[in-house]
**Student:** 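Pasting in a structure now, in structure tokens, and then I'll have a few things to ask.
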Amino acid sequence: MLGNDTLEVKDRIYIDGYDVIELAEKFGTPLYIMSEEQIKINYNRYIEAFKRYTEETNKEFILAYAYKANSNLAITKLLAKLGSGADVVSGGELYIAKLSQVPSEKIVFNGNCKTKEEIIMGIESKIRAFNVDSISELYLINETAKELGIEANVAFRINPDVDPKTHPKISTGLKKNKFGLDTKRALKAIELALNMEYVNFVGLHCHIGSQLTDVSPFIEATEKMMEFILKLKERGIEVRDLNLGGGLGIPYYKDKKIPTVKEYADAIINTILKFKDKVEVPNLIIEPGRSIVATAGYLVGKVWHIKETDLTKWVMIDAGMNDLMRPAMYDAYHHIENAKVKGEKEKVSVAGGLCESSDVFGRDREIDKVEVGDYIVIFDAGAYGISMANNYNSRGRPRIILTSKKGVYIIRERETYTDLIAKDIVPPHLL
């Protein structure tokens with residue numbers, strides 16, 4: 001199936017050779033299944049596609065995996081072992097990156113509202129760069145670095161005003177978005193940085209959006225960034241690193257053609273190389289997240305109830321929007337199948353049990369006939385699934401398992417009722 005290289009559909013659905021029904025019965029539901037082999041495949045596609053950049057430029061290429069997509073420690077350690085860097089957006093993500101033993105020179109810190117505590121963490125960790133989002137942030141980094149007596153590397157996030165042709169809620173590179181600086185203000189910020197004692201200007205960054213299924217916005221953004229680098233060169237300012245963010249989409253719709261990693265890489269590399277006779281090309285950093293882990297993840301829920309109405313047949317499963325928020329939040333599509341292949345199809349709507357009308361994973365989907373006790377598999381849930389999970393309706397976040405050639409491992413335990421109130425404090429007068 002498109003994007004799911006380690007999945008097999010026979011009489012049942014198998015992931016990395018493991019029967020999903022057997023996994024669900026052994027580990028309980030709702031259950032996240034992450035495929036180690038699929039993550040490796042996805043990661044290695046990027047490394048293979050971008051090795052040409054290093055070969056043709058003698059410059060560094062860094063894949064800084066976007067921790068916001070899925071920051072489970074087993075996943076981040078696996079990627080670190082493969083050689084990945086880290087794109088972090090919080091102190092918590094930086095903490096996980098350090099636990100995962102990601103080299104400091106491969107960590108970049110994004111986000112539009114970094115706190116002083118987070119900036120201290122980044123400086124003391126000697127990260128590759130803070131991707132600075134505002135002049136206010138630049139001043140805070142310089143002041144904090146001065147207090148610590150340690151110079152901080154900074155790059156500036158540019159808002160290139162490029163339409164990413166994606167969902168408005170995950171568009172980040174238009175003028176109306178909250179992220180980054182336009183080139184006029186970025187130039188002012190860079191000139192300020194060059195005159196500051198405790199910051200070291202090293203590069204530029206942009207990120208135009210998520211789930212892009214067309215390479216043309218990447219080409220446009222890369223061209224604008226290289227033109228700005230050329231403008232800086234004319235002022236005698238060198239740019240060491242160019243960070244083009246992430247954003248390559250995955251095939252949520254299995255009949256939709258999307259760019260391959262190689263097509264994405266070639267579009268970026270070819271655009272940069274057009275400028276090689278005008279300016280020294282920079283080191284290249286990218287920040288993929290979704291396209292590394294999304295297709296490696298599946299959410300499995302057990303069917304507890306079936307209800308027929310005049311409009312649809314409702315299939316109620318024990319997973320909910322607290323486990324996978326994307327359909328409720330973005331009207332996002334996820335492919336859905338019955339884990340048991342029966343050969344007889346029917347049209348159903350799959351919903352969770354939360355007290356929200358938006359707690360629906362898919363409406364009027366044609367899947368194998370469903371009975372109470374079956375297991376429903378929601379595809380491509382490895383990104384922005386567990387990382388956005390919550391405890392709404394006082395439900396614990398689900399267990400996660402990792403399937404690999406070496407076996408099946410629990411990589412996050414299911415939350416208990418005790419976990420739900422572990423941080424609550426009752427004042428003495430209410431005891």
Side-chain angles (χ1 to χ4, degrees), residues 36 39-40 42-55 57-111 114 118-133 141 145 150-157 199-207 225 239-248 261 264-265 268-269 272 281-293 383 387:
E36 178 177 334
I39 292 171
K40 289 177 179 177
N42 293 343
Y43 177 85
N44 287 327
R45 281 183 180 137
Y46 273 98
I47 300 306
E48 182 65 25
F50 276 94
K51 72 178 182 181
R52 175 184 155 218
Y53 188 76
T54 302
E55 291 170 351
T57 66
N58 290 317
K59 293 292 183 174
E60 194 174 1
F61 167 72
I62 295 174
L63 187 156
Y65 166 67
Y67 274 40
K68 57 185 169 286
N70 188 327
S71 59
N72 176 271
L73 189 57
I75 303 300
T76 58
K77 284 189 76 71
L78 165 62
L79 287 164
K81 283 181 177 291
L82 291 173
S84 177
D87 152 31
V88 303
V89 296
S90 70
E93 289 186 355
L94 177 54
Y95 173 74
I96 295 168
K98 291 169 70 177
L99 278 182
S100 302
Q101 298 182 303
V102 177
S104 297
E105 65 272 15
K106 288 187 175 184
I107 300 176
V108 291
F109 202 136
N110 283 306
K114 303 176 188 73
E118 291 171 330
I119 290 167
I120 290 170
M121 282 184 70
I123 293 171
E124 291 182 337
S125 300
K126 298 181 180 179
I127 62 172
R128 187 177 189 91
F130 291 98
N131 288 329
V132 177
D133 199 82
I141 291 173
I150 306 171
E151 191 177 68
N153 287 340
V154 298
F156 288 91
R157 179 165 182 168
V199 296
N200 177 36
F201 169 66
V202 298
L204 302 176
H205 170 259
C206 75
H207 187 295
M225 296 297 284
V239 175
R240 184 191 75 181
D241 296 340
L242 174 60
N243 184 333
L244 292 173
L248 184 62
V261 172
Y264 160 79
I268 288 173
I269 294 169
I272 294 174
V281 298
N283 298 317
L284 177 61
I285 303 170
I286 61 168
E287 302 167 343
R290 183 192 313 268
S291 53
I292 299 290
V293 293
S387 63

**Student:** For S100, does its backbone N or O pair with a side-chain atom of T76 as donor and acceptor, under 3.5 Å?
**Tutor:**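 Checking the backbone N and O of S100 against the side chain of T76, no donor-acceptor pair under 3.5 Å is found.
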
**Student:** Report yes if the side chains of L284 and I62 come closer than 4.5 Å at any heavy-atom pair, otherwise no.
**Tutor:**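 Heavy-atom side-chain distance check fails, nothing below 4.5 Å.
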
**Student:** Do the side chains of H205 and V108 get nearer than 4.5 Å, heavy atoms only?
**Tutor:**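 Side-chain contact under 4.5 Å: no.
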
**Student:** Does the pair C206 and L244 meet the rule for a side chain to side chain contact (heavy atoms under 4.5 Å, CB included), with working shown?
**Tutor:** CA-CA 5 Å; C206 75; L244 292 173; 4.0 Å; yes

**Student:** Parallel, tilted or perpendicular: which describes the rings of F201 and F156, with under 30° parallel and over 60° perpendicular?
**Tutor:**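 F201 vs F156 ring planes: tilted.
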
**Student:** I'd like to know whether F130 forms a side chain to side chain contact (heavy atoms under 4.5 Å, CB included) with I123, so could you lay out the CA-CA distance, the side-chain angles of the two residues, the decisive distance to 0.1 Å, and finally the verdict.
**Tutor:** CA-CA 9 Å; F130 291 98; I123 293 171; 3.7 Å; yes

**Student:** Go through the steps for Y95 and S90 under the test side-chain hydrogen bond (donor to acceptor under 3.5 Å, both in side chains), then give the verdict.
**Tutor:** CA-CA 9 Å; Y95 173 74; S90 70; over 6 Å; no

**Student:** Between the side chains of R128 and E60, is the shortest nitrogen-to-carboxylate-oxygen separation below 4.0 Å, so that they form an ion pair?
**Tutor:**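 Judged by the 4.0 Å cut-off on N to carboxylate O distance, E60 and R128 do form a salt bridge.
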
**Student:** For K106 and L63, indicate whether the former's side chain and the latter's backbone hold a donor-acceptor pair under 3.5 Å.
**Tutor:**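 Flag not set: sc K106 to bb L63 has no pair under 3.5 Å.
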
**Student:** Counting C-beta onward and ignoring hydrogens, is there a side-chain heavy-atom pair between I39 and I75 closer than 4.5 Å?
**Tutor:**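 Yes, close enough: below the 4.5 Å cut-off.
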
**Student:** With a cut-off of 6.0 Å (strictly less than), are more than 12 heavy atoms of other residues, nucleotides or ligands near CD of E55?
**Tutor:**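 Enclosed.
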
**Student:** Check L204 against A155 and note the closest heavy-atom contact, atom names and distance.
**Tutor:**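 Scanning both residues, the minimum pair turns out to be N-CB, 4.0 Å.
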
**Student:** For K68 and E287, run salt bridge (charged side-chain N to carboxylate O under 4.0 Å, His left out): C-alpha distance rounded to whole Å, both residues' side-chain angles, the deciding distance at 0.1 Å, then the answer.
**Tutor:** CA-CA 11 Å; K68 57 185 169 286; E287 302 167 343; 5.4 Å; no

**Student:** Step by step, would you call I96 with L73 a side chain to side chain contact (heavy atoms under 4.5 Å, CB included)?
**Tutor:** CA-CA 7 Å; I96 295 168; L73 189 57; 4.0 Å; yes

**Student:** So do the side chains of K51 and T54 get within less than 4.5 Å of each other, counting heavy atoms only?
**Tutor:**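 Not touching, per the 4.5 Å side-chain cut-off.
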
**Student:** Are any side-chain N or O atoms of S291 and backbone N or O atoms of P288, one a donor and one an acceptor, separated by less than 3.5 Å?
**Tutor:**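 Side chain of S291 to backbone of P288, a donor-acceptor pair under 3.5 Å: no, none is there.
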
**Student:** Give me the atom names and distance for the closest heavy-atom approach of I141 to A152.
**Tutor:**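 I141 and A152 have their closest heavy atoms at CG2-CB, 3.7 Å.
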
**Student:** Closest approach of F109 and V89, non-hydrogen atoms and distance?
**Tutor:**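 Result for this residue pair: CE2-C, 3.7 Å.
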
**Student:** Could you walk me through whether N110 and H207 pass side chain to side chain contact (heavy atoms under 4.5 Å, CB included), step by step?
**Tutor:** CA-CA 10 Å; N110 283 306; H207 187 295; over 6 Å; no

**Student:** Counting N and O atoms only, with roles assigned by atom type, does the side chain of E118 sit under 3.5 Å from a partner on the main chain of G91, one being a donor and the other an acceptor?
**Tutor:**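 Here the side-chain-to-backbone pair exists.
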
**Student:** Is any side-chain heavy atom of R240 closer than 4.5 Å to a side-chain heavy atom of N153?
**Tutor:**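 In contact.
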
**Student:** Taking side chain as C-beta onward, heavy atoms only, is I285 less than 4.5 Å from L242?
**Tutor:**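 When only atoms from C-beta onward are counted, L242 and I285 do not touch, as no gap falls below 4.5 Å.
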
**Student:** A97 and A86: which non-hydrogen atoms are nearest, and at how many Å?
**Tutor:**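 Heavy atoms only, the tightest pair is CB-CB, 4.0 Å.
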
**Student:** Would you say I269 and R52 make side-chain contact, with heavy atoms under 4.5 Å?
**Tutor:**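 When only atoms from C-beta onward are counted, R52 and I269 do touch, with a gap below 4.5 Å.
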
**Student:** For the residue pair D133 and R157, what are the closest heavy atoms and their distance?
**Tutor:**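 Closest pair (atom of D133, atom of R157, distance): OD1-CD, 3.6 Å.
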
**Student:** Ignoring hydrogens, what is the shortest heavy-atom contact between A129 and V202? Give both atom names and the distance.
**Tutor:**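 Result for this residue pair: CB-CG2, 3.9 Å.
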
**Student:** Has the side chain of Y65 got a donor or acceptor atom that lies under 3.5 Å from a matching backbone atom of D87?
**Tutor:**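 Here the side-chain-to-backbone pair does not exist.
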
**Student:** I'd like to know if the side chain of R290 and the backbone of L248 have a donor-acceptor N/O pair within less than 3.5 Å.
**Tutor:**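 No.
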
**Student:** Taking the side chain from K114 and the backbone from G111, do they hold a donor-acceptor pair closer than 3.5 Å?
**Tutor:**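 Yes; judged by distance alone, with no hydrogens or angles, the pair exists.
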
**Student:** Ignoring hydrogens and geometry, is there a side-chain-to-backbone donor-acceptor pair from S125 to M121 under 3.5 Å?
**Tutor:**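 Answer holds: yes.
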
**Student:** Quick check: F61 with F50 (ring centres under 6.0 Å apart)?
**Tutor:**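 Aromatic pair counts; centres sit under 6.0 Å.
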
**Student:** Could you check whether any side-chain heavy atom of Y53 comes within less than 4.5 Å of a side-chain heavy atom of V281, counting everything from C-beta outward?
**Tutor:**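 Yes, at least one pair of side-chain atoms sits under 4.5 Å.
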
**Student:** Side chain of K98, backbone of P103: donor and acceptor closer than 3.5 Å?
**Tutor:**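 Not confirmed, K98 side chain does not pair with P103 backbone.
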
**Student:** Could you state the interatomic distance from CD1 (I292) to NZ (K40), rounded to the nearest 0.5 Å?
**Tutor:**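 Nearest 0.5 Å value for the CD1-NZ distance: 14.0 Å.
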
